[in-house]
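A short write-up of the structure that comes next.
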Amino acid sequence: SDTILANAVGGVSELVTNSGYINVDFADIKTILKNSGEALMGVASARGSSSVLNATKQAIADIVNSAKHKVASGAILNIVCRNKATLTEIAQASGLVQDYLLEDAEFVLGHIDNVSDLENDAQVTVIMSGIVDVKTTVVQEQAPVMQKNIQEALKASTDEQNEMQQSGMQEIEIMAE
């Protein structure tokens, strides 16, 4: 547990202190974590030709294993590379994280290249916040639509009843004449 805590603290401090092509600062972390409820973090590193993607997959797997059937309302993805990462690798890694986010989620990307003292070819930190159950989210997202449909159905029913009453009143008036 000391190693896990050290990795978490180290991962967050690296987000703020290292500068790169795309910087993550304390304001970004605050935006993602403030009032978010449950948050989880995954840190992974990898070597080889697909190191960015492999490290991202492992970091996400650490989170997903802890939060099965859940999605997040915010995420930070920070990619640190010994050499240059391609835009394609960064986009693919971002897509992997965004697959676990709500449609309107906050997403922050950080990217640092040419870190010569990095032990592996890539190190990835993923923080996901506002983690909620998928079923709860679907119900919450669908509730306004369902409520609107019910209101429209009630209005249509009321309008139909009013029309029937008015036509019935007209028939009574015609008969009375």
Side-chain angles (χ1 to χ4, degrees), residues 1-138 140-141:
S1 70
D2 288 342
T3 305
I4 293 170
L5 182 59
N7 285 342
V9 171
V12 171
S13 67
E14 280 183 14
L15 289 174
V16 177
T17 58
N18 292 335
S19 61
Y21 293 108
I22 306 171
N23 294 316
V24 176
D25 61 17
F26 187 73
D28 293 322
I29 295 171
K30 185 178 176 184
T31 297
I32 297 299
L33 295 178
K34 187 176 182 181
N35 301 321
S36 67
E38 183 180 1
L40 295 171
M41 178 175 173
V43 179
S45 55
R47 293 180 187 205
S49 62
S50 298
S51 59
V52 171
L53 288 175
N54 291 335
T56 303
K57 288 175 185 177
Q58 184 56 50
I60 292 170
D62 292 345
I63 294 170
V64 172
N65 288 336
S66 299
K68 289 185 184 204
H69 309 295
K70 296 194 178 200
V71 291
S73 62
I76 296 172
L77 167 63
N78 195 54
I79 302 168
V80 180
C81 298
R82 181 182 297 168
N83 300 308
K84 285 196 173 231
T86 66
L87 289 175
T88 301
E89 290 173 308
I90 294 167
Q92 289 173 336
S94 296
L96 290 172
V97 173
Q98 290 172 339
D99 285 345
Y100 293 95
L101 299 179
L102 294 168
E103 190 173 305
D104 60 346
E106 296 272 349
F107 179 72
V108 175
L109 171 66
H111 172 228
I112 304 168
D113 270 344
N114 299 321
V115 179
S116 59
D117 61 344
L118 194 62
E119 191 174 312
N120 292 303
D121 292 333
Q123 179 176 322
V124 172
T125 302
V126 177
I127 301 173
M128 291 188 179
S129 65
I131 296 172
V132 294
D133 187 64
V134 172
K135 293 176 189 172
T136 303
T137 303
V138 169
Q140 287 173 346
E141 287 176 354

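In what follows, residues are counted from 1 in the order of the sequence shown.
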Criterion side chain to side chain contact (heavy atoms under 4.5 Å, CB included) against Val126, the qualifying member of Ile79, Ile63, Leu40
Ile63

For Ala85 and Asp113, which heavy atoms make the closest approach, and how far apart are they?
N-OD1, 3.2 Å

To the nearest 0.5 Å, how far apart are CG in Asn78 and NE2 in His111?
9.0 Å

Does the side chain of Val124 come within less than 4.5 Å of Leu77's, by heavy atoms?
yes

Ser73 side, atom OG; Met128 side, atom CE - distance, nearest 0.5 Å:
11.0 Å

Which side-chain N or O atoms in residues 88-98 pair as donor and acceptor under 3.5 Å with protein atoms at least two apart or in another chain?
from, atom 1, to, atom 2, distance (Å)
Glu89, OE1, Thr86, N, 2.8
Glu89, OE1, Thr86, OG1, 3.3
Ser94, OG, Ile90, O, 3.0

Please find the pair of heavy atoms, one from Ala55 and one from Ala46, that lie closest to each other, and give the distance.
N-CB, 3.9 Å

With sequence neighbours left out, what residues match Ser129 under side chain to side chain contact (heavy atoms under 4.5 Å, CB included)?
Ile32, Leu33, Ser36, Ala39

Can you tell whether the side chains of Arg47 and Asp121 come within less than 4.0 Å, N to carboxylate O?
no

